[in-house]
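See structure below.
Chain identifiers are assigned alphabetically (A, B, ...) following the order of the sequence lines, protein sequences preceding nucleic acid strands; residue numbering begins at 1 within each chain.
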Amino acid sequence: MAILDYGDLLINGTVIKYDGKVKIEKGSITRVANPQISGEVVYTTDITTNRSKITIPIRVTPESNDQFDDLYNNGDNNTISFRDANFSRCAMEMIPEREDQAVVEYIFFGNPAV
Amino acid sequence: MKDLKEFIEVKISNPIKVAYNLDGKNDFLELDTIFLKCFNKKDHQNITLLMRNKYKRMMLSNVSLFSKFIDGKPQEIKVLTDEEEIDSIRQTLTICDGDELISFYDKFKEFLLKDIAFKDESFKQKLNGVELNLLDNDDLEAIIANYISVFFVASWMK
C-alpha cells in the first residue's frame, strides 16, 4: 500500500505520512455486569479502558525514525488528530524493532477522543 | 496613504479546534483568531503575481459594478473607511464567477500556507492545510478580504 498523505493524520500539528491503515480505539468506560446469587445483576464501571489507542503504520526511514524518537521522548506531551477525532496526552507505548524500509506500527495511548 | 503593517489579526466567528503548543505543553485549542504576516517579495513574488492577475480578472468581469457613471451622471468617489473597504471587497467576492472565485480562493489558501497564517501572535505555530480547511466559508472570506484590504489593494488596483 502506498504511503498516504491525505493530511488526515496530525501529531502535534504536523501532518504525518503513514503507510497502511491507522487503527483507532477511541476509548470509553466499560460497564461490568456482576451477577449476584439471589439478587439482581449489579453494574459497576471499569475505567481502565477509558483511554484511546492509536496504531500508526509507518515505513521505516532515518527521517521517520528521528521523528518518532522525538515523539517517544515527549512522553505524554503529544496530541494526535485523525480525521474528526482528537486525542490529547498521547504517549508512545514503546519504540518497535525497526528495519529499514519495513512498515512498523507505532502505538500511542492517550485521553479518549474529543 | 496607509501605514504598511507587518501583520494583522482576524477574529473568526466559528472557532476551529487546532493542535497548539502553550509553554511547551501540546494540547488542543479552540482557535478564534488567525494571525497573518505581511508577505515578502523574496518568498512570495510569484504567488502574489498570480493572485493579483486572478483578482484583476475577477474584478474586470464585474466592471459594471465599478462604473463611476450611473444613468449618465458622474458619481462622487467616496473614500471608504477600513471596515467599509473590507466589506466592499467581501461583497465583490461573493458575486464573482464561481469557477474564478474557487480558483482564486485555492491560490490564496496556498499563499496563506507559505508562512503567512499563524495560530499565535509570536508567529511560531503555522496554520497547516488541514486546519485551514476547517475554517468555514464566511471566516475564510473575512480573512481574504482583510488581507487584501491591508496588504494588496493599493498595489493591485493601480
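- With a 4.5 angstrom heavy-atom cutoff, B:N128 touches chain A only via side-chain atoms.
- Within a 6.0 Å sphere centred on CD of B:E30, other residues, nucleotides and ligands contribute more than 12 heavy atoms.
- In this structure, B:L93 is a member of the same hydrophobic cluster as B:F152, with clusters built from ILVMFWY side-chain heavy atoms closer than 4.5 Å.
- Contact between A:S88 and B:F28 at its shortest, heavy atoms only, is N-CE1, 3.8 Å.
- Linking Ile, Leu, Val, Met, Phe, Trp and Tyr residues whenever their side-chain heavy atoms come within less than 4.5 Å leaves A:L10 and A:F109 in two separate clusters.
- For the set B:L134, B:D27, B:N133, B:L127, the entry with the most heavy-atom pairs within less than 4.5 Å of chain A is B:D27.
- No more than 12 heavy-atom neighbours from other residues, nucleotides or ligands sit within 6.0 angstrom of CD1 on A:I47.
- With a 4.5 angstrom heavy-atom cutoff, B:K126 does not touch chain A via any of its atoms.
- Placement of B:L140 and B:V150 within a single hydrophobic cluster is found when ILVMFWY residues are connected by side-chain heavy-atom separations under 4.5 Å, directly or transitively.
- The two residues A:N86 and B:K17 have their closest heavy-atom pair at ND2-CD, 3.0 Å.
- A chain of hydrophobic side-chain contacts below 4.5 Å, direct or via other Ile, Leu, Val, Met, Phe, Trp or Tyr residues, connects B:I8 to B:L132.
- Of all heavy-atom pairs between B:A19 and A:G13, the closest is CB-N, 3.5 Å.
- Contact of the B:V130 side chain with the A:D8 side chain is not registered, since no non-hydrogen atoms from C-beta on lie closer than 4.5 Å.
- In this structure a side-chain-to-backbone donor-acceptor pair under 3.5 Å is missing from B:N26 to A:T79.
- Residues B:I16 and B:I144 share a hydrophobic cluster, clusters being chains of Ile/Leu/Val/Met/Phe/Trp/Tyr side chains in contact below 4.5 Å.
- Neither the backbone nor the side chain of A:I11 comes within contact range of chain B; no heavy atoms are under 4.5 Å apart.
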